[in-house]
Peer 1: 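Let me give you the structure first, and then I'll get to my questions.
Given the structure is predicted, the values throughout are model-derived calculations rather than measurements. Basis for what follows: all heavy atoms, side chains included, without hydrogens, waters or symmetry-related copies.
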Amino acid sequence: MEPQQIREGYLVKKGTVLNSWKVVWVVLSEDGVDIYKKKTDRSPKGMIPLKGATLTSPCQDFVKRTLVFKVSTEKKQDHFFQATHVEERESWVKDIKRAIACLQAGKKFARKSTRRSIRLPVTVNLNELYILMKDQDDGVKELKLEKEKRMYNHCFTGATVVDWLISKEKARNRSEALMLATGLLNEGFLQPAGDLSKEGADEGAQSALLDDPDALYYFADSGFFCEGYSSDDEDALLKEEFRGNIVKQGCLLKQGHRRKNWKVRKFILRDDPAYIHYYDPTKGDDEPLGSIHIRACVVTAVEHVPDAKKHDVDGNLFEIITSDETHYFLQAATAEERKEWIKAVQAVSKSGK
């Protein structure tokens with residue numbers, strides 16, 4: 001009997017020989033992880049057996065890369081993967097851990113709630129807590145803060161996190177709130193932004209998150225960026241693009257405008273102002289390759305794109321036509337994902353500026 005397929009999608013993987021990071025199509029089954037160079041490939045270029053394997057998340061072996069997790073095989077071979085956002089990483093980690101546990105117990109894979117390896121009360125779910133913290137109306141407010149002649153955008157202080165946890169009755173006192181906040185930091189949901197918060201995280205103290213109005217943090221998949229003082233109006237205009245809240249993000253295939261070839265890009269959709277920024281997911285930096293201003297754009301599902309089939313790209317296609325009539329052709333991994341992207345872009349294009 002063929003192993004049950006559990007999850008599939010794009011991830012960035014570190015090469016075992018050249019140490020370069022590349023986008024791959026990953027398929028998780030009950031007994032292993034299959035790695036494909038492209039989604040359309042019929043056979044995998046590699047397979048990671050999960051019997052006797054262990055999983056480490058978050059993996060902090062790489063200073064400039066966040067959202068990394070590591071799968072170590074029984075033969076002590078390490079495989080590093082990077083997700084595009086927190087929810088994606090958590091979904092992969094949860095399912096891989098469950099698959100490993102089922103193999104060890106000789107049971108059939110079945111999804112159920114699992115606890116992370118962190119000393120927190122059983123009733124605490126860090127992923128749910130993170131989603132509540134990011135709520136635009138009732139969550140922790142992302143601000144533009146000035147520290148040491150630098151401007152930190154989309155961030156907040158450690159004291160703000162502690163105050164919010166207490167005010168929302170997620171913790172009874174500051175000690176409990178610090179424990180929860182440190183758990184969020186250790187699991188990669190929160191990231192240190194300034195020198196003070198980075199020192200606290202590096203020291204590895206019991207309370208790595210600092211209850212301090214000068215310690216700055218940001219959400220792992222936020223629009224955080226830091227800038228020095230500048231009087232350049234063009235630079236300020238460029239930064240304005242990143243001030244909107246993140247509505248949706250993930251990997252899509254994008255057709256190039258010149259060569260018409262297709263490459264996997266990480267896309268981040270923001271509102272107010274209404275922009276989509278796309279990135280090379282294999283790079284550790286936050287500089288986008290380009291942006292799409294989607295105010296008053298048209299987005300529709302399409303069944304055919306010129307030159308797509310010769311690149312083995314077929315199905316789940318959609319097109320964005322901007323107000324200046326620039327056409328962008330994209331492909332989602334599934335029909336459901338295409339539907340979600342179209343719905344999200346349509347909503348932002350009407351409401352964002």
Peer 1: Check the angle between the aromatic planes of Phe81 and Phe69 and answer parallel, tilted or perpendicular using the 30° and 60° thresholds.
Peer 2: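 Ring orientation, 0 to 90° scale: parallel.
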Peer 1: Any donor-acceptor pair under 3.5 Å linking the side chain of Gln77 with the backbone of Thr73?
Peer 2: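 Here the side-chain-to-backbone pair does not exist.
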Peer 1: Looking only at non-hydrogen atoms, find the nearest pair between Val93 and Leu55 and report the distance.
Peer 2: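 Result for this residue pair: CG1-CD2, 3.7 Å.
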Peer 1: Any donor and acceptor pair, going by atom type alone, linking the side chain of Thr56 with main-chain N or O of Cys59 inside 3.5 Å?
Peer 2: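 No: the side chain of Thr56 does not pair with the backbone of Cys59.
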Peer 1: Treating His79 as the side-chain partner and Lys14 as the backbone partner, does any N or O pair qualify as donor plus acceptor under 3.5 Å?
Peer 2: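 Not confirmed, His79 side chain does not pair with Lys14 backbone.
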Peer 1: For side chain to side chain contact (heavy atoms under 4.5 Å, CB included), just list the numbers for Trp341 and Leu252, CA-CA rounded to whole Å, side-chain angles, deciding distance to a tenth of an Å, and then say yes or no.
Peer 2: CA-CA 10 Å; Trp341 271 103; Leu252 296 167; 3.7 Å; yes
Peer 1: Checking side chain to side chain contact (heavy atoms under 4.5 Å, CB included) for the pair Val71/Thr54: CA distance, chi angles, key distance, verdict?
Peer 2: CA-CA 6 Å; Val71 178; Thr54 57; over 6 Å; no
Peer 1: Can you classify the ring geometry of Phe219 versus Tyr130 as parallel (below 30°), tilted (30 to 60°) or perpendicular (above 60°)?
Peer 2: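 Correct class here is perpendicular.
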Peer 1: Of the non-hydrogen atoms in Ala301 and Ile342, which two are nearest, and what is the gap between them?
Peer 2: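 Of all heavy-atom pairs spanning Ala301 and Ile342, the closest is N-CD1, 3.6 Å.
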Peer 1: Less than 4.5 Å apart, any side-chain heavy atom of Val298 and any of Gln346?
Peer 2: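 Val298 vs Gln346: side chains apart.
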Peer 1: Is the shortest side-chain N to carboxylate O distance from Lys51 to Glu74 below 4.0 Å?
Peer 2: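 Judged by the 4.0 Å cut-off on N to carboxylate O distance, Lys51 and Glu74 do not form a salt bridge.
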Peer 1: Would you please test Val348 and Tyr275 for side chain to side chain contact (heavy atoms under 4.5 Å, CB included) and show each step?
Peer 2: CA-CA 9 Å; Val348 172; Tyr275 273 92; over 6 Å; no
Peer 1: Provide the closest heavy-atom pair for Gly32 versus Met47 in the form atom of the first, atom of the second, distance.
Peer 2: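 Result for this residue pair: CA-CE, 3.6 Å.
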Peer 1: Is the His154 to Tyr218 ring centre distance short of 6.0 Å?
Peer 2: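 Ring centroids of His154 and Tyr218 are no less than 6.0 Å from each other.
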Peer 1: When you measure from the side chain of Gln255 to the backbone N and O of Tyr328, does any donor-acceptor pair fall under 3.5 Å?
Peer 2: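 Pair absent, no side-chain N/O of Gln255 close to backbone of Tyr328.
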Peer 1: State plainly whether one hydrophobic cluster holds both Trp262 and Val302, where clusters connect Ile, Leu, Val, Met, Phe, Trp and Tyr through side-chain heavy atoms under 4.5 angstrom apart.
Peer 2: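 Yes, because Trp262 and Val302 connect within a single hydrophobic cluster, where side-chain heavy atoms sit under 4.5 Å apart.
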Peer 1: Quick one, Leu184 and Thr182 - any side-chain contact, counting heavy atoms below 4.5 Å?
Peer 2: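 Sidechains of Thr182 and Leu184: no contact.
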Peer 1: Are Leu129 and Ile166 in one and the same hydrophobic cluster, where Ile, Leu, Val, Met, Phe, Trp and Tyr link if side-chain heavy atoms are under 4.5 Å apart?
Peer 2: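 Yes, it is one cluster - the side chains of Leu129 and Ile166 are joined through contacts under 4.5 Å.
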Peer 1: Pro58 versus Val68: any side-chain heavy-atom pair under 4.5 Å?
Peer 2: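 No, their side chains stay 4.5 Å or more apart.
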Peer 1: If you count the non-hydrogen atoms of other residues, nucleotides and ligands that lie under 6.0 Å from NZ in Lys134, is the total more than 12?
Peer 2: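 Yes.
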Peer 1: Please test Ile131 against Glu87 for side chain to side chain contact (heavy atoms under 4.5 Å, CB included), starting from the C-alpha separation and ending with a verdict.
Peer 2: CA-CA 9 Å; Ile131 293 169; Glu87 289 84 355; 4.3 Å; yes
Peer 1: Which atoms form the tightest heavy-atom contact between Glu337 and Thr334, and what is the distance?
Peer 2: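 Nearest pair, atom of Glu337 first, then Thr334: N-OG1, 3.0 Å.
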Peer 1: Just verifying a value: how many Å separate Thr157 OG1 and Asp214 CG, rounded to the nearest 0.5 Å?
Peer 2: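 Reported to 0.5 Å precision, the distance equals 8.5 Å.
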Peer 1: I'd like to know if the side chain of Tyr152 and the backbone of Leu143 have a donor-acceptor N/O pair within less than 3.5 Å.
Peer 2: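 No: the side chain of Tyr152 does not pair with the backbone of Leu143.
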Peer 1: If I take atom CG from residue Leu317 and atom CD from residue Glu303, how far apart are they, to the nearest 0.5 angstrom?
Peer 2: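 Reported value, rounded in 0.5 Å steps: 7.5 Å.
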Peer 1: Could you check if a side-chain atom of Phe62 sits within less than 4.5 angstrom of a side-chain atom of Trp21, using non-hydrogen atoms only?
Peer 2: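 Phe62 reaches Trp21 side chain to side chain.
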Peer 1: Does the Asp34 side chain pair with the main chain of Pro44, one donor and one acceptor, at a distance under 3.5 Å?
Peer 2: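 No, Asp34 side chain to Pro44 backbone: no donor-acceptor pair under 3.5 Å.
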Peer 1: Parallel, tilted or perpendicular: which fits the ring planes of His277 and Tyr279, with parallel below 30° and perpendicular above 60°?
Peer 2: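 The rings of His277 and Tyr279 sit tilted, inter-plane angle from 30° to 60°.
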Peer 1: Is atom NZ of Lys141 surrounded by more than 12 heavy atoms (other residues, nucleotides or ligands) closer than 6.0 Å?
Peer 2: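 Enclosed: over 12 neighbouring heavy atoms sit under 6.0 Å from NZ of Lys141.
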Peer 1: Report yes if some heavy atom in the side chain of Leu216 is under 4.5 Å from a heavy atom in the side chain of Leu196; otherwise report no.
Peer 2: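 Result no, sub-4.5 Å side-chain heavy-atom pair not found.
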Peer 1: Are Asp163 and Arg174 close enough for a salt bridge, meaning some N to O gap below 4.0 Å?
Peer 2: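 Between Arg174 and Asp163 there is a salt bridge, with a charged N closer than 4.0 Å to a carboxylate O.
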Peer 1: I need the Ile276 CD1 to Gln249 CD distance, nearest 0.5 Å.
Peer 2: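 Interatomic distance, Ile276 CD1 to Gln249 CD, rounded to 0.5 Å: 12.5 Å.
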Peer 1: Determine whether more than 12 heavy atoms belonging to other residues, nucleotides or ligands lie under 6.0 Å from atom NZ of Lys263.
Peer 2: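 Atom NZ in Lys263 is not crowded, with 12 or fewer foreign heavy atoms closer than 6.0 Å.
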Peer 1: Is the NZ or CZ atom of Lys38 both under 6.0 Å from the centre of the six-membered ring of Trp25 and within 45° of that ring's axis?
Peer 2: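 Here Lys38 fails the 6.0 Å and 45° test against Trp25.
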Peer 1: Any donor and acceptor pair, going by atom type alone, linking the side chain of Arg65 with main-chain N or O of Thr282 inside 3.5 Å?
Peer 2: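 Between the backbone of Thr282 and the side chain of Arg65 there is a qualifying donor-acceptor contact (under 3.5 Å).
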Peer 1: Do Asp61 and Phe80 have side chains that get closer than 4.5 Å, going by heavy atoms?
Peer 2: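 A side-chain contact under 4.5 Å exists here.
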Peer 1: Side chains of Asp95 and Leu28, heavy atoms from C-beta outward: is any pair under 4.5 Å?
Peer 2: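 Heavy-atom side-chain distance check passes, below 4.5 Å.
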Peer 1: Can you see whether Tyr278 has Lys266 sitting over its ring - NZ or CZ less than 6.0 Å from the centre and within 45° of the normal?
Peer 2: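 Verdict for Tyr278: no cation-pi partner in Lys266.
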Peer 1: Do Phe267 and Leu289 sit in the same hydrophobic cluster, where Ile, Leu, Val, Met, Phe, Trp and Tyr count as joined when their side-chain heavy atoms come under 4.5 Å apart?
Peer 2: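 Shared cluster, yes.
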Peer 1: Please check: side-chain N/O of Arg295 versus main-chain N/O of Ser349, any donor-acceptor pairing under 3.5 Å?
Peer 2: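 Between the backbone of Ser349 and the side chain of Arg295 there is a qualifying donor-acceptor contact (under 3.5 Å).
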Peer 1: Working to the nearest 0.5 Å, report the span between CG of Leu253 and CG of Asn261.
Peer 2: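 So the CG of Leu253 and the CG of Asn261 are separated by 10.5 Å.
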Peer 1: Would you check if there is a donor-acceptor pair between the side chains of Ser43 and Asp41 at a distance under 3.5 Å?
Peer 2: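 Absent: no donor and acceptor within the cut-off.
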Peer 1: Strictly distance-based, threshold 3.5 Å: is any side-chain N or O of Ser197 a donor or acceptor partner for the main-chain N or O of Ala193?
Peer 2: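 Side chain of Ser197 to backbone of Ala193: a pair is present.
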Peer 1: Any chance you could measure Ile321, atom CD1, to Thr326, atom OG1, to the nearest 0.5 Å?
Peer 2: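 Spacing of CD1 (Ile321) from OG1 (Thr326) equals 10.0 Å.
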Peer 1: Check this for me, if you would: do Asp138 and Lys168 make a salt bridge, where the nitrogen-to-carboxylate-oxygen distance has to be below 4.0 angstrom?
Peer 2: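 Yes.
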Peer 1: Testing the basics here: between Leu185 and Pro192, what is the closest heavy-atom pair and its distance to 0.1 Å?
Peer 2: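 What the structure gives for the nearest pair is CD1-CD, 3.9 Å.
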Peer 1: Can any side-chain N or O of Arg338 pair as donor or acceptor with the backbone N or O of Ala333 at less than 3.5 Å?
Peer 2: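 Checked: no pair found.
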Peer 1: With a 4.5 Å cut-off on side-chain heavy atoms, are Leu269 and Ile246 touching?
Peer 2: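 Sidechains of Leu269 and Ile246: no contact.
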Peer 1: So how far is it from Gln82 CD to Lys13 NZ, rounded to the nearest 0.5 Å?
Peer 2: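 Gln82 CD to Lys13 NZ: 13.0 Å, rounded to 0.5 Å.
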Peer 1: Quick check: closest heavy atoms across Thr84 and Cys251, and the distance to 0.1 Å?
Peer 2: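 Here Thr84 and Cys251 meet closest at CG2-SG, 3.4 Å.
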